[in-house]
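Protein chains get the first letters and strands the later ones, always in sequence-line order, with residue 1 at the start of each.
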Amino acid sequence: MPELPEVEVTRLGVAPHLEGRLVDSVLLRRDGLRWPFPPALPTLLAGQRILSVGRRGKYLLIHFAHGTLIIHLGMSGHLRVLPPGTELKKHDHFDLVVGSGAGQQVLRLHDPRRFGAVLWHPNDDGELDSHLLLRGLGVEPLEDGFSGGLLFRASRKRSAPVKQFLLAGDVVVGVGNIYACESLFRAGINPKTAAGRISRGRYDKLAVAIREILAEAIVQGGSTLRDFIAVNGRSGYFQQTYFVYDREGVPCRNCGAPVRRIVQGQRSTFYCVNCQK
DNA sequence: CTGGAGACCTGGATGC
DNA sequence: TGCATCCAGGTCTCCA
């Protein structure tokens, strides 16, 4: 579920409930997800104040004075802010309880497939950017530094299809399977084209498309933010109007030709043979 | 360095 | 109804 917009909407949703508050306790309901939970987490965080909630790519970063809690939602994870005592559901793996008394709230991580992660980076372990999982990440697509020029330069000598080039995350972060498909459609680029054979001008168009599509998705998600504190929290995310993703055989919204599905790197790619050359 | 395949998991949809 | 198969929003690890 979570690509960059979903993670950013999650960040916007949970931050007001976390920032400035003291951690009461941490509950680990299993040993870990993709990697083991740091067993010392409850001790490390109890009584500590949350300074801010940030994001790097698809990683959520909960900053404390002495380190950062790194949370990844994997394929199926989501976070909710709930009243204490909320009934536990299957696959609720991790709680961060903040505040005390009537103001207490629980940040709860739910992740059926368990591809997510909860990790701890102590400040005395060096810069957060040098953390093993963060060090190889590309630029943020919504920040300065992301441009068609960057995509163009980074793609020279890359023979992989442009779809895979975007998904790899070492040049630009946060573009997952859905938004890679949608961005390439908006830019009119065939996902199979070798990244290194795409012109500067077409990358300019692609960079704009990526920016616009991610920003639009975040705006749409913003309208559902209160779901993050709903007890029976519905999806919390949003229904994006896709142009090609998950629309195999359906007429292209632009030209009417049936949308095609192919497999690249063991992932589905959806595109329009007419509109994407 | 680059690129491709396998790995990690559960659950929902589909087909016989 | 039951069971098998396929598919899913990520990304690390290993190998050629």
If only side-chain N and O atoms of [X] are considered, is one of them under 4.0 Å from the OP1 or OP2 phosphate oxygen of [N]?
X	N	answer
A:Tyr245	C:dG9	yes
A:Gln164	B:dG3	no
A:Lys90	B:dG11	yes
A:Tyr59	C:dC12	yes

Next on the checklist: So does A:Arg158 get a backbone contact from the side chain of A:Ser155, meaning a donor-acceptor N/O pair under 3.5 Å?
Outcome noted: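 Side chain of A:Ser155 to backbone of A:Arg158, a donor-acceptor pair under 3.5 Å: no, none is there.
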
Checklist entry - Got a donor-acceptor contact below 3.5 angstrom from the A:Glu140 side chain to the A:Arg56 backbone? => result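 Answer holds: no.
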
Item to check | Side-chain donor-acceptor pair present, A:Gln264, A:Thr269, cut-off under 3.5 Å | outcome: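 Yes - a donor-acceptor pair under 3.5 Å links their side chains.
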
Item to check | Between A:Thr68 and A:His121: side-chain donor-acceptor atoms closer than 3.5 Å | outcome: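 Their side chains do not contain a donor-acceptor pair, so the 3.5 Å distance test is not met.
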
Whole-Å distance between [N] [atom2] and [X] [atom1]?
X	N	atom1	atom2	result
A:Asn177	C:dC7	CG	C1'	12 Å
A:Lys89	B:dG11	NZ	C1'	15 Å
A:Glu248	C:dA8	CD	C1'	14 Å
A:Arg267	B:dG3	CZ	C1'	16 Å
A:Asp246	C:dA8	CG	P	8 Å
A:Lys163	B:dG4	NZ	P	12 Å
A:Ile70	C:dC12	CD1	P	12 Å
A:Asp111	B:dC8	CG	C1'	12 Å

If you look at every strand shown and take non-hydrogen atoms under 4.0 Å, does [X] touch a base, only sugar-phosphate, or nothing?
X	answer
A:Phe165	nothing
A:Leu33	nothing
A:Arg158	sugar-phosphate

Does a distance-only test, which skips hydrogens and angles, find a donor-acceptor pair under 3.5 Å between the side chain of [X] and the base of [N]?
X	N	result
A:Arg113	C:dA8	yes
A:Gln266	B:dG6	yes
A:Arg114	B:dC9	no

Considering only side-chain heavy atoms of [X], which listed nucleotide, [options], is closest?
X	options	answer
A:Arg261	C:dT11, B:dG11, C:dC7	C:dC7
A:Met75	C:dA8, B:dG11, C:dT11	C:dA8
A:Ser268	B:dG4, B:dG3, C:dA8	C:dA8

Checklist entry - Does B:dC16 have a Watson-Crick or wobble partner in any strand here, with both distances under 3.5 angstrom, and which is it? => result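 C:dG2 is the nucleotide pairing with B:dC16.
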
Checklist entry - For C:dG9, which nucleotide is its Watson-Crick or G-U wobble mate, given both distances must be under 3.5 Å? => result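 Here C:dG9 is not engaged in any pair, so there is no nucleotide opposite it.
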
[N] versus [M] - spacing of their [atom1] atoms, nearest Å:
N	M	atom1	answer
C:dT11	B:dG12	C1'	23 Å
B:dG11	C:dC12	C1'	23 Å
B:dG6	C:dC6	P	15 Å

Checklist entry - Taking for each residue the nucleotide of DNA chain B with the nearest heavy atom, is it A:Lys157 or A:Gly265 whose nucleotide lies nearer the 5' end? => result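 Closest to the 5' end, via its nearest nucleotide, is A:Lys157.
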
Checklist entry - A:Arg34 or A:His91: which one's nearest nucleotide on DNA chain B is closer to the 5' end? => result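 The residue whose closest nucleotide sits nearer the 5' end is A:Arg34.
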
Checklist entry - Would A:Phe115 pass as stacked on C:dT11, i.e. its ring centre under 5.5 Å from the base's six-membered ring centre and planes under 30° apart? => result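 Here A:Phe115 fails the 5.5 Å or the 30° condition.
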
Next on the checklist: Assess whether a salt bridge exists between A:Glu216 and A:Arg186, defined as any Lys/Arg side-chain N lying under 4.0 Å from an Asp/Glu carboxylate O.
Outcome noted: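 Judged by the 4.0 Å cut-off on N to carboxylate O distance, A:Glu216 and A:Arg186 do form a salt bridge.
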
Item to check | Cationic N near anionic O, under 4.0 Å, A:Glu3 to A:Lys58 | outcome: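 Salt bridge absent between A:Glu3 and A:Lys58.
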
Next on the checklist: Can you confirm whether A:Cys275 sits close enough to A:Phe185 that some side-chain heavy atom of one is under 4.5 Å from a side-chain heavy atom of the other?
Outcome noted: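 A side-chain contact exists here, since the closest heavy-atom pair is under 4.5 Å.
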
